[in-house]
Amino acid sequence: MEHQHLLYQESGKYNPTGLILTAIAFLLLSVVLGYVYVLITSFIPLIYVNVLITIGLGILLGYLVRVAKRISHNRNTKSMVILAAVFGLLTCYFMWVAYLLYIANGAVMPGISDYLNSLLWITEPGSFFSLISVINSVGAWSVFGLTFSGILLALVWLVEMAIIIGAPVLTIFGSDPYPYSESLGTWYPKYTLSEEFAAVSAPTSLINELQVAPVKTIEELGMGTAHHFS
């Protein structure tokens, strides 16, 4: 028997309705997370803590992507990677909207209504990108007397975006596929075998027996001795 036949392969299918609802949910979540992220970092000016907050946001996005995958019954890796990348990109954009409003207001966090009214700010690239350019040339903060501006500040922004966009994408690539029953339309329940079974001298034979009668085969394994377990 070929080893590849022993590994579960995702079908690549997805629920169109679930895919659309996932996209809508990610859009709404990114609007909220972008504002909350700037709100938190504006009250905590410590760069080291802000780095941890950025990493935490990336981890949160990754977790939300995994939850959305399960809820929407999505078994298509490509579609989830695209959704995860868009989720991170939208979060970065709305984060920038909130941040630019914060700077424009004289380092005062904008109200919810002002923020929501500016969500499509990118449609005015003249003011959106020009303000980013001004911040980049002047600098917004410094560490040990070194003001981050120009290329150095741009690199910091790129790393920040890489974390926020890359974390949810890597979550999809880094997670093992979870078995799904196409006939029943549901994820298989997870069981953990905690018994310390006897050592197996003929694994190929055991695999064949497991495919025929898995429960009976496991029950007949018996307990291991000393450190000889399987």
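The figures here come from the full heavy-atom set of this structure, side chains too, leaving out hydrogens, waters and symmetry mates.
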Report whether Leu89 and Leu120 are members of the same hydrophobic cluster (ILVMFWY, side-chain heavy atoms less than 4.5 Å apart, transitive linking). no
Of the non-hydrogen atoms in Val169 and Ile165, which two are nearest, and what is the gap between them? CG2-O, 3.4 Å
In terms of hydrophobic clusters joined by side-chain contacts under 4.5 Å, are Leu28 and Leu90 together? no
Quick one: ring-ring contact (aromatic ring centres under 6.0 Å, His included) partners of Phe87, sequence neighbours excluded? Phe26
Using ring-ring contact (aromatic ring centres under 6.0 Å, His included) as the criterion, list what pairs up with Tyr35, not counting sequence neighbours. Tyr115
Pair Glu10 + Lys78, salt bridge at N-O below 4.0 Å: no
Which value, rounded to the nearest 0.5 Å, describes the distance between Thr171 atom OG1 and Arg66 atom CZ? 7.0 Å
I'd like to know if the side chain of His73 pairs up with that of Tyr14 as donor and acceptor (distance under 3.5 Å, no hydrogens or angles considered). no
Leu101 CG to Leu131 CG distance, which is reported to the nearest 0.5 Å: 9.0 Å
Is Val31 linked to Val86 within one hydrophobic cluster, defined over Ile, Leu, Val, Met, Phe, Trp and Tyr using a side-chain heavy-atom separation of less than 4.5 Å? yes
Quick check: do Ile164 and Cys92 have side-chain heavy atoms less than 4.5 Å from each other? yes
Taking the side chain as everything from C-beta on, heavy atoms only, tell me whether Leu64 gets closer than 4.5 Å to Pro168. no
I want to check something: taking the side chain as every heavy atom from C-beta on, are Leu210 and Ile218 in contact at a cut-off of under 4.5 Å? yes
In Val215, Thr217, Leu221, the residue satisfying side chain to side chain contact (heavy atoms under 4.5 Å, CB included) with Glu219 is Val215
Would you please indicate if the ring centroids of Tyr99 and Trp96 are separated by under 6.0 Å? yes
Same cluster for Ile135 and Val108 if Ile/Leu/Val/Met/Phe/Trp/Tyr side chains link at under 4.5 Å? no
Please check if atom OH in Tyr63 has more than 12 non-hydrogen atoms from other residues, nucleotides or ligands closer than 6.0 Å. no
Interatomic spacing from CD1 in Ile55 to CG in Asn50 - rounded to 0.5 Å: 11.5 Å
Mind listing the closest non-hydrogen atom pair of Phe128 and Val97 along with its distance? CE1-CG2, 4.2 Å
Any donor-acceptor N/O pair, Asn136 side chain to Ile132 backbone, under 3.5 Å: no
Atom CE in Met95, atom OG in Ser30: separation rounded to 0.5 Å? 11.5 Å
Determine the minimum heavy-atom distance between Gly58 and Ala167, stating which atoms define it. O-CB, 3.3 Å
Criterion side chain to side chain contact (heavy atoms under 4.5 Å, CB included) on Phe94 and Leu33, from CA distance to verdict: CA-CA 8 Å; Phe94 294 126; Leu33 291 174; over 6 Å; no
Salt bridge (charged side-chain N to carboxylate O under 4.0 Å, His left out) against Glu220, all qualifying residues, sequence neighbours excluded: Lys216
Polar side chain donor-acceptor pair, Asn74 to Thr22, under 3.5 angstrom: no
Heavy-atom side-chain proximity of Tyr180 to Ser11 below 4.5 angstrom: no
Do the side chains of Tyr93 and Val156 join up, straight or via other hydrophobic residues, at under 4.5 Å, putting them in one cluster? yes
Could you walk me through whether Trp187 and Arg75 pass side chain to side chain contact (heavy atoms under 4.5 Å, CB included), step by step? CA-CA 10 Å; Trp187 303 98; Arg75 291 90 69 203; 4.1 Å; yes
Please report the interatomic distance NZ(Lys69) to CG(Asn76), rounded to the nearest 0.5 Å. 8.0 Å
Rounded to the nearest 0.5 Å, the CD1 atom of Ile82 sits from the CD1 atom of Ile172 at a distance of 11.5 Å
Please evaluate residues Tyr102 and Leu39 with respect to the criterion side chain to side chain contact (heavy atoms under 4.5 Å, CB included), reporting the C-alpha separation (whole Å), side-chain torsions for both, the decisive distance (0.1 Å), and the verdict. CA-CA 9 Å; Tyr102 170 78; Leu39 179 64; over 6 Å; no
More than 12 heavy atoms of other residues, nucleotides or ligands under 6.0 Å from CD1 of Ile151: yes or no? no
Does a donor on one side chain sit under 3.5 Å from an acceptor on the other, for Tyr37 and Thr54? yes
Do Leu83 and Leu19 touch side chain to side chain, with heavy atoms closer than 4.5 Å? yes
Of all the heavy-atom pairs spanning Trp121 and Leu100, show the shortest one and how long it is. CZ3-CB, 3.4 Å
